[in-house]
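Order of the sequence lines fixes the chain letters, A, B, ..., with proteins taken first and strands second; residue numbering starts at 1 for each chain.
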Amino acid sequence: MAFDHRKIEARWQNYWDDHQTFKTHDDSDKPKYYVLDMFPYPSGKGLHVGHPEGYTATDIMARMKRMQGFEVLHPIGWDAFGLPAEQYALDTGHDPADFTEQNIATFKKQIKSLGFSYDWDRELNTTDPEYYKWTQWIFLQLYKKGLAYSAEVPVNWCPALGTVLANEEVIDGKSERGGHPVIRKPMRQWMLKITAYADRLLDDLDDLDWPDSIKEMQRNWIGRSVGAEVQFAIDGFENEKVTVFTTRPDTLFGATYMVLAPEHKLIDKIVTPEQKSAVDQYRADVAAKSDLERTDLAKTKTGAFTGAYAINPVNGKKVPIWIADYVLITYGSGAIMAVPGHDDRDYEFATKFNLPIVEVVAGGDLSKEAYTGDGKHVNSGFLDGLGKQEAIAKMIDWLVAHKVGSRKVTYRLRDWLFSRQRYWGEPIPIIHMEDGSLKAVPEEELPLRLPKTKNIKPSGTGESPLANITDWIEVTVPETGMKGRRETNTMPQWAGSSWYFLRYIDPHNKEKLADPEKLKRWMSVDLYVGGAEHAVLHLLYARFWHKVLYDLGVVPTKEPFQKLVNQGMILGTNHEKMSKSKGNVINPDDIVASHGADTLRLYEMFMGPIDAAKPWSETGIDGSRRFLDRIWRLFVTSEGKLSEIVAPNATVSEEFEKAYHQTVKKVSEDFEIMHFNTGIAQLMTFINEVYKQDKIPASMAEGFIKLLSPVAPHISEEIWSLLGHDQSIEKSMWPVYDANKLVEEQIEIIVQINGKIRARLNVDKGTSRDELEKMALGDEQIKAQLAEKSIKKVIAVPDKLVNIVAK
RNA sequence: GCGGGUGUGGCGGAAUUGGCAGACGCGCUAGAUUUAGGAUCUAGUGUUUCCAACGUGGGGGUUCGAGUCCCUUCACCCGCACCA
């Protein structure tokens with residue numbers, strides 16, 4: 001009987017469901033292992049081959065750990081709020097909830113067809129009011145702690161569509177849908193003060209077992225820089241000051257001009273009448289530029305002189321104040337002291353506008369370029385002769401003593417723009433009262449449900465479609481009779497995914513986000529696997545919320561995800577990213593139908609390292625299927641019975657026994673560190689060996705099938721039952737190897753002359769250096785090779801080699 | 001430009017602390033078998049001028065010995081984008 005994957009896979013998937021094989025027990029006394037996949041967004045397009053890669057990796061870990069005696073938490077759920085459902089609703093008038101439900105059903109069916117060992121009783125859905133109740137609850141905690149505030153910030157407003165667009169919906173300043181112009185318009189938005197946690201988000205990265213690249217990306221994103229704030233007085237304006245931020249306060253003596261960002265609010269006050277038209281013109285030019293043009297590094301510097309002068313506090317010199325778009329209003333204080341001698345950008349600007357360049361750190365050639373390195377300070381008064389570090393410290397002391405500046409840390413990280421002008425998101429539980437005050441929806445009234453509506457349409461005002469739903473919007477506080485209007489903004493998609501891993505731990509809890517005892521039992525996540533595209537935002541937001549919850553005593557750990565692994569992308573057969581337009585998309589459903597889920601799982605793990613980008617190969621997937629067929633033929637007869645190669649008490653050669661124990665060792669070790677490709681290679685090697693045997697003992701057949709089972713669970717269950725077991729292989733114990741069987745008594749040693757292999761010797765393990773040397777020099781072949789030469793040196797490494805250096 | 005990463009056969013990829021380069025798979029070749037097929041089994045398969053030499057993007061170095069360490073250079077991928 002051939003290996004019929006359709007029948008077998010369906011059978012075991014039903015068995016697992018019926019027997020609740022993968023149910024997680026909170027009260028077991030086994031050690032815990034929490035292995036988590038990144039929350040999928042159930043798009044209408046369904047699963048692509050990238051999904052099963054990460055999911056298979058975590059599933060292998062989950063299945064192996066269960067067999068190794070761990071209580072495993074391996075859940076899945078749906079990050080189901082999001083733009084596509086809303087757009088679908090706007091286009092068709094249908095309820096996004098229905099659309100989402102269908103998509104989830106499709107996704108679930110696809111995921112189930114791959115045989116992942118999820119505990120489906122813990123399935124989550126961010127759009128479920130019982131779930132988003134707690135998303136809203138967390139928001140209220142943030143609000144109470146002063147970490148949620150509202151502010152006027154510019155958004156992408158499309159007047160023609162009457163709506164606000166996300167950045168990705170704006171292409172070249174036009175709306176993606178319809179090509180209407182989009183303008184930046186300040187609107188009141190909810191912000192979360194993630195910057196208050198910047199230092200902790202940065203520092204706690206050190207203890208995480210994450211890829212360096214991801215940690216580095218987060219560090220860069222947070223962008224902490226240490227320097228000083230310096231206040232410059234403005235000539236002729238006694239009450240005005242400009243504060244600049246600099247990382248190089250030691251170069252203050254070299255500040256020969258000052259630059260304000262074109263949006264800086266002081267400009268109108270200080271600009272001289274003669275310069276006003278030039279400044280206005282420049283600001284108009286800058287405003288007309290797209291973000292892309294403004295940030296184009298290749299362009300030359302532009303700017304305009306305001307006519308005003310600032311006073312350099314350290315030497316009292318007058319320096320001209322310019323405006324230029326190379327200074328960003330969003331960073332630091334939106335103003336800089338320009339030190340053209342020691343900053344590339346300032347140098348470029350000064351050269352273009354003929355501003356003076358003064359050397360204050362020796363070591364460079366200022367006629368050619370700015371010198372940004374370290375060196376002795378010159379032309380710097382009390383700093384002369386000092387190096388960079390001492391000079392910075394001394395200058396900060398001076399600034400503090402003269403009350404014109406201080407040490408200062410700034411971050412690139414901005415506060416999190418938390419509101420979206422959307423219907424399909426968690427409602428923000430805030431009421432704007434008619435007296436202008438804000439009132440939080442009482443916790444006991446949560447969840448604040450999204451109102452059902454027949455027709456979702458833009459409000460036209462920039463508010464979300466919720467603004468149309470008068471019944472929902474207008475509220476009266478019962479105690480006071482005061483009227484109010486609900487917040488029409490909803491939360492971004494990041495909200496629900498910032499804490500879902502906590503809810504899996506206690507998904508049906510009505511009283512709390514999750515039981516503290518259970519959180520203590522399960523946190524933190526031992527292994528988190530997902531795509532690198534979430535390297536910054538999702539992982540940073542989740543860490544931020546987690547720290548807030550930690551401070552509130554809700555969660556027991558400082559960090560949510562102890563170990564993080566990014567699966568690499570699966571490319572098309574042409575080594576390019578899969579895309580519809582390139583026609584190189586592989587649909588996992590097709591593979592499951594043609595080759596089976598086990599084959600797909602096996603192949604995706606065998607393709608290469610989990611974190612590398614790897615191209616798909618048609619013949620490669622065939623090869624993986626062939627391996628499973630080979631296993632099947634080995635263990636199962638054409639009548640569907642257990643093959644006679646398996647004999648309970650078969651004796652095998654010492655060599656084969658060794659191969660078995662080596663396989664157990666290598667597979668166990670490789671899977672543990674997620675080197676699935678090499679572990680699978682070892683399984684293949686073992687099967688190649690088995691093909692050379694007449695009989696193998698049942699114990700080894702069972703051991704092998706156990707090793708295979710996390711990767712290819714369906715075929716493994718089937719063979720396991722043919723081996724005479726009436727319980728799932730999942731309930732069996734992971735095999736252990738006998739180290740004694742791996743001990744080599746004799747090993748082959750290579751003998752090199754000048755690093756080239758000239759002979760091989762079989763010696764007892766542990767043969768001493770001297771002995772090896774003697775044996776090597778006594779070897780006939782070696783003697784012959786050395787006949788014309790004189791020996792300079794002999795290096796002998798026990799159990800490895802002898803290298804003879806000769807001339 | 002800055003930060004991170006990757007370069008190994010025809011292809012995907014293996015290779016502890018520096019110690020037999022190319023495990024395993026694909027592809028290819030040959031043989032066997034068969035109801036002749038995109039099946040199966042067995043063997044072979046880095047290159048070349050094949051008793052040997054060369055070979056891990058290029059160049060240089062350290063070392064008895066380098067895919068692995070150091071310097072330099074090139075190519076590609078990912079992230080950031082004038083962050084003062």
Side-chain angles (χ1 to χ4, degrees), chain A residues 2 211-221 223-225 227-228 244-249 251 259 261 291-292 294-299 301 324-328 330-339 342-346 348-349 410-414 532-533 535-536 566 568-569 571 573 575 577 602-603 606-609 611-624 626-627 629-630 633 666 669 675 677-688 691-692 748-757 760 792-797 799-806:
Chain A
D212 288 337
S213 61
I214 303 290
K215 287 196 196 181
E216 207 48 41
M217 278 162 72
Q218 292 221 344
R219 288 190 187 109
N220 292 340
W221 191 263
R224 181 183 145 102
S225 62
V244 302
F245 172 72
T246 177
T247 54
R248 292 294 301 276
T251 61
V259 186
D291 283 358
L292 207 74
R294 258 192 89 160
T295 54
D296 183 7
L297 266 172
K299 75 168 181 48
K301 296 272 183 289
D325 65 356
Y326 82 92
V327 174
L328 309 175
T330 49
Y331 187 77
S333 56
I336 61 155
M337 62 178 218
V339 185
H342 307 284
D343 180 281
D344 293 324
R345 297 152 300 182
D346 297 343
E348 199 187 321
F349 189 85
T410 56
Y411 303 91
R412 204 189 77 107
L413 181 71
R414 311 280 152 69
E533 66 272 22
V536 177
N566 289 120
M569 210 176 335
L571 308 171
T573 50
H575 290 62
K577 203 166 157 174
L602 175 73
Y603 177 58
F606 184 61
M607 291 170 85
D611 54 356
K614 307 159 284 268
W616 186 265
S617 156
E618 296 293 344
T619 50
I621 185 105
D622 289 344
S624 290
R626 252 195 317 266
F627 175 56
D629 282 332
R630 218 163 128 76
R633 274 198 307 275
K666 174 110 177 110
E669 288 172 356
H675 289 185
N677 55 331
T678 53
I680 291 166
Q682 182 63 36
L683 292 173
M684 290 173 169
T685 307
F686 179 72
I687 286 298
N688 290 343
Y691 262 81
K692 293 172 190 159
E748 192 180 68
I749 291 281
I750 55 169
V751 183
Q752 301 177 325
I753 296 174
N754 296 331
K756 301 222 163 69
I757 298 162
R760 290 156 194 279
K792 298 279 176 216
K793 194 174 174 185
V794 178
I795 295 104
V797 182
D799 299 343
K800 288 234 166 94
L801 52 67
V802 179
N803 188 13
I804 300 159
V805 186

Whole-Å P distance, A14(B) and U8(B): 11 Å
Separation of G79(B) atom P from N566(A) atom CG, nearest Å, is 12 Å
Grab the NZ-C1' distance between K614(A) and C77(B) for me, whole Å please. 14 Å
Nearest to the R412(A) side chain among C80(B), A14(B), A84(B), which nucleotide is it? C80(B)
Among C24(B), A84(B), A21(B), the one nearest T247(A) by side-chain distance: A84(B)
Closest-nucleotide mapping onto RNA chain B: is A681(A) or A613(A) further toward the 5' terminus? I mean the 5' end. A613(A)
In Watson-Crick or G-U wobble terms, with both distances under 3.5 Å, the base opposite U47(B) is A53(B)
Separation of the P atoms in G27(B) and U72(B), to the nearest angstrom: 44 Å
What's A338(A) touching, base or sugar-phosphate or nothing? Going by heavy atoms closer than 4.0 Å. nothing
Among all residues two or more places apart in sequence or in another chain, which pass the ring pair (Phe, Tyr, Trp, His ring centres under 6.0 Å) test with W221(A)? none
If I pick the P atom on G18(B) and the same atom on G65(B), what distance separates them, to the nearest angstrom? 16 Å
With a 3.5 Å limit on both atom pairs, tell me what G10(B) is paired to, counting Watson-Crick and G-U wobble, or say none. C26(B)
Both distances below 3.5 Å, Watson-Crick or wobble geometry, any strand: find the nucleotide opposite C41(B). G31(B)
How is P609(A) classified with respect to the nucleic acid when contacts are heavy atoms under 4.0 Å: base, sugar-phosphate, or nothing? sugar-phosphate
Any donor-acceptor pair under 3.5 Å between the side chain of K301(A) and the base of C82(B)? yes
OP1 or OP2 of A14(B) versus the side-chain N and O atoms of H675(A): is any pair under 4.0 Å? no
Rounded P spacing from C64(B) to U73(B) in Å: 28 Å
Would you mind pulling out the nucleotide paired to G1(B), Watson-Crick or G-U wobble, both distances under 3.5 Å? C80(B)
Check: protein-nucleotides 51-55 of chain B nitrogen or oxygen pairs below 3.5 Å:
none

K614(A) side chain to P609(A) backbone, donor-acceptor under 3.5 Å: yes
To the nearest Å, give me how far apart OH (Y603(A)) and P (C24(B)) are. 18 Å
Heavy-atom closest contact (G223(A) atom, Y331(A) atom, distance): O-OH, 4.4 Å
Between Y411(A) and G332(A), is there a donor-acceptor pair closer than 3.5 Å when you use the side chain of the first and the backbone of the second? no
With a 4.0 Å limit, can you tell me whether S225(A) has a side-chain N or O closer than that to the phosphate oxygens OP1/OP2 of A84(B)? yes
Would you indicate what G332(A) reaches in the nucleic acid, counting non-hydrogen atoms under 4.0 angstrom: base, sugar-phosphate, or nothing? nothing
Which letters describe nucleotides 29-44 of chain B, given B = protein heavy atom under 4.0 Å from base, S = only from sugar-phosphate, - = neither? -----------SSS--
Out of A84(B), G3(B), C82(B), which nucleotide sits closest to the side chain of E216(A)? G3(B)
For nucleotides U63(B) and G3(B), find the distance between their P atoms and express it as a whole number of Å. 30 Å
Is G79(B) syn or is it anti, if syn means the base angle is within 90 degrees of 0? anti
Return the value, rounded to whole Å, for the distance between atom CD of E669(A) and atom P of A23(B). 21 Å
Exercise: identify the closest heavy-atom pair between V805(A) and N754(A): CA-OD1, 3.4 Å
Would you indicate what H575(A) reaches in the nucleic acid, counting non-hydrogen atoms under 4.0 angstrom: base, sugar-phosphate, or nothing? sugar-phosphate
How close do H342(A) and T251(A) get, counting heavy atoms only, and between which atoms? CB-CG2, 4.3 Å
Would you kindly check if the NZ (Lys) or CZ (Arg) of K301(A) is within the cone defined by 45 degrees around the ring axis of F349(A) and under 6.0 Å from the six-membered ring centre? no
In short, V259(A) meets Y326(A) closest at the heavy-atom pair CG2-OH, 3.7 Å
Among G13(B), C11(B), A84(B), which nucleotide has an atom closest to any side-chain atom of I336(A)? A84(B)
If you restrict it to nitrogen or oxygen atoms, what contacts under 3.5 Å exist between nucleotides 5-7 of chain B and the protein, and what is each distance?
none

Students often get this wrong, so: under 4.0 angstrom with heavy atoms, is R224(A) touching a base, only sugar-phosphate, or nothing? nothing
For the side chain of T246(A), starting at C-beta, report the closest nucleotide among G13(B), A84(B), G79(B). A84(B)
Run V794(A) and V802(A) through side-chain contact (heavy atoms from CB on, under 4.5 Å) and show every step you take. CA-CA 7 Å; V794(A) 178; V802(A) 179; 3.8 Å; yes
Give the nucleotide from the list A84(B), C80(B), G13(B) with an atom nearest to the side chain of N677(A). G13(B)
Has the side chain of R412(A) got a donor or acceptor atom that lies under 3.5 Å from a matching backbone atom of N220(A)? yes
Partners passing salt bridge (charged side-chain N to carboxylate O under 4.0 Å, His left out) against D346(A) (at least two apart in sequence or in another chain): none
Nucleotide C24(B), atom P - distance to CD of Q682(A) in whole Å: 10 Å
Tabulated below should be each protein N or O lying under 3.5 Å from an N or O of nucleotides 60-65 of chain B; please produce it.
residue: C64(B); atom: OP1; partner: K793(A); partner atom: NZ; Å: 3.2
residue: C64(B); atom: O2'; partner: N803(A); partner atom: ND2; Å: 3.1
residue: C64(B); atom: O2; partner: N803(A); partner atom: ND2; Å: 2.5

Measure from CZ on R248(A) to P on A84(B) and round the result to the nearest Å. 12 Å
Quick one: closest heavy-atom pair of N566(A) and P211(A), and the distance? OD1-CG, 3.8 Å
G67(B) and G55(B): how far apart are their P atoms, nearest whole angstrom? 10 Å
Between N688(A) and R630(A), is any side-chain donor less than 3.5 angstrom from a side-chain acceptor? yes
Salt bridge or not between E669(A) and K666(A)? Use side-chain N to carboxylate O under 4.0 Å. no
At what distance, to the nearest 0.5 angstrom, does CD1 of I804(A) lie from CD of Q752(A)? 9.5 Å
Determine whether a donor-acceptor pair (N or O, by modelled atom type, separation under 3.5 Å) exists between the side chain of Q218(A) and the backbone of A535(A). yes
Answer syn or anti for C50(B), where the cut-off is 90° from 0 on the glycosidic torsion. syn
Considering Watson-Crick and G-U wobble pairs with both distances under 3.5 Å, what does G19(B) pair with? C64(B)
Ignoring hydrogens, what is the shortest heavy-atom contact between I336(A) and V244(A)? Give both atom names and the distance. C-CG1, 3.5 Å
Atom-to-atom span, CE of M684(A) to P of C26(B) - whole angstrom: 7 Å
Tell me which of I214(A) and R414(A) sits closer to the 5' end of RNA chain B, going by the nucleotide each one is nearest to. I214(A)
Roughly how many Å apart are U45(B) and A23(B), using the C1' atom of each and rounding to a whole number? 15 Å
How close or far is atom P of G25(B) from atom CD1 of I687(A), stated in whole angstroms? 11 Å
